[in-house]
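Everything below concerns the one structure shown next.
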Amino acid sequence: MSAIVHLRPGFVQPVWAGHPWVFAQAIARTEGSPGAGDEVLVLDPQGKALGRGYWSPGSAIPVRLLTRDANATLDARFLARRIAEAARWRREVANLPSPDHTGYRLVNAEGDQLPGLTVDVFGDAASVQFGTVGLKRREEAIFDALAEHARVTRLYEVSSERHQQREGFTVTDGLVRGSPSPTLDFVEGGVRFTVPAPGAEGGGQKTGYYFDQRENRALVGSLAKGRRVLDAYSYVGGFALAAAKGGAREVRSVDSSAHAIAAGERIARENGLDGVITHTRGDAKTVLTQLADAGERFDLVVLDPPKLAHSAREVEKATGHYRRLNAMATRVLAPGGLLVTCSCSGSVNVDTFLRAVSAGVRDAGRDASVLAVRGAATDHPSPVAFAEGRYLKCVVARVP
Ligand code: SAH
């Protein structure tokens, strides 16, 4: 018998609608004394089952539902089935992996009904990030299922300090299965990437690479032919490389991280694209201002800053920041140029972001027409009731 979590009246609707998080303030009482990571059954005030998850004492979100089935057992077989389903779905619907794309997100937490688990595949390796103590406790079952269904021979665990403090476990970045290798190697859009493996010198930001932008990079690749392109906040230059591969005349990429720039230079060279791409290490705002003052103009500018709002409290400040950045990017756009401007701040919604972009474009004395408002790639699904999953906005606009 698993422990039972009873919800308070007035807190049921979002969970019923498909939001998988049960917040601490939604809980009236728990019956039985669940230990950290134990299975629990969640009931509404009428005693109707809402679903099952693992218990995370001390977290502001003590339960994240993995199933609505009151009779399911969240054991190794259950987890293996979910992972197999995630892999099958990506093969059949998203054509991942394919010879041109061997890097992708295999498990996107809530979007794959596995809240607390994030898995990225890099060719024959995968990185695993645990966000709940319940899944961390079942790591061996998860590693087994990944080895079987993702056809990977090396598994790395990557830490998330935020998750770990909340959930009370510790992780060191590094290899957990297979033979050591200092790099993760994969192909995206026909470009061969090598990035430092978790735990290695210069080891990855987040989970090694930003697969959420894959389809937006492909779009930039298809728009780049003959154009002069600027990739601001480039990391290793995903957008820059896609643009160069797509036939850009010249590409500039800018990032503040020395490791990212060094890796980007190496990747460009290894793909024979170093003749087209120039890498600059520096603060993007400073470089954008210098370029504008020098009269440099680009036909396509990509702006992909890190998260600028970490909570609802920071939205206003972040919005001003987005506005100034977009003004700076617009100042280096040639007439008729394309602005590809992104935000990965979940708390800044798409309308707020579009307002910031339009204000920035006006500050630069220009206007813009939106061609597309895009999000994360198809291997980053999110439950329809879970707005938090749709953090990434990517606006493509033409600036006459
Ligand atoms: N466009 C990239 C992802 C960018 S992530 C891709 O497609 O893979 C955000 C990047 O911004 C990180 O690489 C980080 O190093 C960089 N960054 C953070 N602050 C910066 C700053 N002030 N100036 C330039 N780059 C910065």
Side-chain angles (χ1 to χ4, degrees), residues 18 20 52-54 64-69 72-132 134-158 160 175-179 181 184-190 193 195 197-198 204 206-215 218 375-384 386 389 392:
R52 302 180 71 92
Y54 302 116
R64 292 157 196 247
L65 299 180
L66 284 85
T67 179
R68 288 184 184 273
D69 181 356
T73 310
L74 307 181
D75 57 7
R77 277 180 47 214
F78 175 94
L79 296 171
R81 268 201 313 276
R82 283 274 193 269
I83 288 169
E85 167 69 11
R88 186 181 63 77
W89 178 88
R90 280 163 178 77
R91 274 195 307 275
E92 292 176 2
V93 180
N95 191 29
L96 290 167
S98 71
D100 267 356
H101 293 281
T102 64
Y104 62 101
R105 175 148 295 184
L106 175 69
V107 178
N108 195 44
E110 284 79 6
D112 287 293
Q113 292 182 282
L114 283 168
L117 184 64
T118 304
V119 182
D120 283 337
V121 171
F122 303 80
D124 64 352
S127 71
V128 184
Q129 195 174 59
F130 294 108
T132 64
L135 288 174
K136 175 68 182 163
R137 223 174 79 180
R138 292 158 182 88
E139 64 183 1
E140 292 304 323
I142 290 167
F143 296 153
D144 287 344
L146 289 172
E148 182 179 347
H149 298 290
R151 299 188 191 117
V152 290
T153 56
R154 279 183 295 142
L155 288 172
Y156 293 87
E157 187 171 358
V158 295
S160 155
L175 191 75
V176 289
R177 292 265 178 109
S179 37
S181 161
L184 299 171
D185 308 301
F186 62 100
V187 180
E188 180 180 284
F193 284 79
V195 296
K206 246 176 49 170
T207 47
Y209 190 66
Y210 299 93
F211 290 122
D212 53 358
Q213 290 280 28
R214 185 183 52 255
E215 290 167 7
T378 39
D379 50 343
H380 293 64
S382 55
V384 64
F386 184 66
L392 184 65

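Look at Asp144 and Arg177 and you find a salt bridge, because one of the NZ, NE, NH1 or NH2 atoms lies within 4.0 Å of a carboxylate O, short of that distance. Residues Glu110 and Arg64 are paired through a salt bridge, judged by an N-O separation under 4.0 Å between the basic side chain and the carboxylate.
Evaluation of the ring pair (Phe, Tyr, Trp, His ring centres under 6.0 Å) rule for Tyr104 yields no partner, not counting sequence neighbours. For Gln213, the side chain to side chain donor-acceptor pair (under 3.5 Å) partners two or more places apart in sequence, or in a different chain, are Asn216, Asp304. Partners of Phe186 according to the ring pair (Phe, Tyr, Trp, His ring centres under 6.0 Å) rule, which considers only residues two or more places apart in sequence or in another chain, are Phe122, Phe193, Tyr209, Phe211. Legend: residues meeting salt bridge (charged side-chain N to carboxylate O under 4.0 Å, His left out) with Glu157, ordered by chain and number and at least two apart, are Lys136. With sequence neighbours excluded, no residue satisfies ring pair (Phe, Tyr, Trp, His ring centres under 6.0 Å) with Phe78.
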Dump the intermediate steps for side-chain contact (heavy atoms from CB on, under 4.5 Å) on Arg82 and Thr67, then the final yes or no.
CA-CA 10 Å; Arg82 283 274 193 269; Thr67 179; 3.7 Å; yes
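The side chain to side chain contact (heavy atoms under 4.5 Å, CB included) with Leu155 is formed by just one residue from the set Val128, Ile142, Val119; it is Val128.
Atoms OG1 and CG, from Thr102 and Asp185 in turn, are 8.5 Å apart once rounded to the nearest 0.5 Å. The distance from atom CG of Leu117 to atom CG of Leu79, rounded to the nearest 0.5 Å, is 8.5 Å. Here Leu184 contributes atom CG and Asp124 contributes atom CG; the two are 9.0 Å apart, rounded to the nearest 0.5 Å.
For residues 85-98, the set of pairs meeting the side-chain hydrogen bond (donor to acceptor under 3.5 Å, both in side chains) definition, not counting sequence neighbours, comprises Glu85-Arg88, Arg88-Glu92, Arg90-Asp112.
The minimum heavy-atom distance linking His380 with Ala376 is given by the pair CB-CB, 3.8 Å. Across every non-hydrogen atom of Arg52 and Asp69, the tightest pair is CD-O, 3.2 Å. Taking both residues in full, the closest heavy atoms of Gly123 and Val152 are given as O-CG1, 4.0 Å, listed atom of the first, atom of the second, then distance. Across all non-hydrogen atoms, the minimal contact from Ala141 to Ala76 is CB-CB, 3.6 Å. Nearest heavy-atom pair across Arg68 and Gly18 is NH2-CA, 3.2 Å. A pairwise comparison of heavy atoms in Thr118 and Ala109 identifies OG1-CB, 4.3 Å as the closest pair.
Between the side chain of Glu215 and the main chain of Thr378, a donor-acceptor pair closer than 3.5 Å is present. At distances below 3.5 Å, at least one donor-acceptor pair connects side-chain atoms of Asn108 with backbone N or O atoms of Pro381. At least one donor-acceptor pair closer than 3.5 Å links the side chain of Tyr54 to the backbone N or O of Leu74. Here the side chain of Asp379 pairs a donor or acceptor atom with the backbone of Arg105 at under 3.5 angstrom.
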